[in-house]
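One structure below.
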Amino acid sequence: MADFKVVKILGVRVDKVTKAQALEAFRRMLDGDSCELIVTPNAEIVEKASKTPQLRRIINEEAALVTPDGVGLIYASRLKGDPIEEKVAGIDFARSAIELCAQLGRSVYLLGSKPGVAEAAAANLEKEIPGLKIAGFRDGYFKDEEESSVVEEINASGADFLCVALGSPKQEYFVIRHRDSLKVKAAAGLGGSLDIWSGQLNRAPAFYIDHGLEWLYRMIQEPRRLKRLPALPVFLIKAAIRR
Ligand code: UDP
């Protein structure tokens, strides 16, 4: 279990880590001997976890690292008077972690998203990151009864770091269900990251990211997310008043 300071938002743990501290924690996981779970929640996932005991327990008690992904959590922590120093977006953390794997000669497995996406993401990452070894990839649309063969495939690849993009909480439940048989040292739940690395979806331009408006860009790109927009101010108010 991590020894970071944490802030509880709606009863859900978020680690007060900087990008550099999160990466250092990841480096230590690579030298460990068990599969550690990294959760990268945004406000929406924290809200979901506040209402879902199973997910909340995993985040609060089982995860080795819970990064603050998104300005919603930064604002909520400030309103609580217990500010998180900086946003650590899951996709940025994962990219640095993959770069570190390349430097250290460790390999990566990409699991999730629609058929063809993980493969395209693997090809792009290998092109962009010198020395990177993608040990394997697989789409995220497999049946429950195929799960153990998916785990075997990941283990047979010899990967050290598992990127899981099945959406939350499916990705966190998958890792916890199989953590005793998974041989990877770290597994991170990464939502739509493979879609972005594959080129299927665009990351927000720097202006949006730098001004805390990445959520707005995502709304424009994926209008289905619009229906979740009214939840954000309510989230902040609830987070601020709940001790
Ligand atoms: N996904 C998957 N298997 C599933 C459901 C979703 O691989 O059974 C993938 C989906 O293709 C997408 C990613 O999970 O690449 C994140 O999905 P979504 O954006 O719906 O999740 P959220 O933003 O809620 O985490």
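Start at 1 and go down the list; that is how both ligands and their atoms are numbered. All values derive from a computational prediction rather than experimental measurement.
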Exercise for the section: Rounded to the nearest 0.5 Å, what's the gap from CD on Glu62 to CD on Gln54? Could you check? Expected result: 9.5 Å
Exercise for the section: Applying side-chain contact (heavy atoms from CB on, under 4.5 Å), name anything that partners Ser198, two or more places apart in sequence or on another chain. Expected result: Val117, Ala120, Ala121, Gln200
Practice task
Mark yes when over 12 heavy atoms from residues, nucleotides or ligands other than Glu128 sit less than 6.0 Å from its CD; otherwise mark no.
Solution key: yes
Handout entry: Straight-line distance of Asp139 CG to Leu194 CG, nearest 0.5 Å
Key = 10.5 Å
Handout entry: Donor-acceptor side-chain pairing of Glu172 and Ser168 below 3.5 angstrom
Key = yes
Write 'none' if nothing qualifies; otherwise put on separate lines each N/O atom of ligand 1 with a protein N/O atom under 3.5 Å away and their distance to 0.1 Å.
| from | atom 1 | to | atom 2 | distance (Å) |
| --- | --- | --- | --- | --- |
| ligand 1 | 1 (N) | Tyr141 | OH | 3.2 |
| ligand 1 | 3 (N) | Gly140 | O | 2.8 |
| ligand 1 | 7 (O) | Ser113 | N | 2.8 |
| ligand 1 | 7 (O) | Ala165 | O | 3.3 |
| ligand 1 | 8 (O) | Lys170 | NZ | 2.6 |
| ligand 1 | 11 (O) | Tyr141 | OH | 2.8 |
| ligand 1 | 14 (O) | Ala165 | O | 3.2 |
| ligand 1 | 14 (O) | Gly167 | N | 3.2 |
| ligand 1 | 15 (O) | Ser113 | OG | 2.7 |
| ligand 1 | 15 (O) | Asp195 | OD2 | 2.5 |
| ligand 1 | 19 (O) | Arg224 | NH2 | 3.4 |
| ligand 1 | 19 (O) | Arg225 | NH2 | 3.2 |
| ligand 1 | 23 (O) | Arg225 | NH2 | 3.2 |
| ligand 1 | 25 (O) | Ser168 | N | 3.4 |

Problem - In one Ile/Leu/Val/Met/Phe/Trp/Tyr side-chain cluster, 4.5 Å: Tyr141, Ile154 - result: no
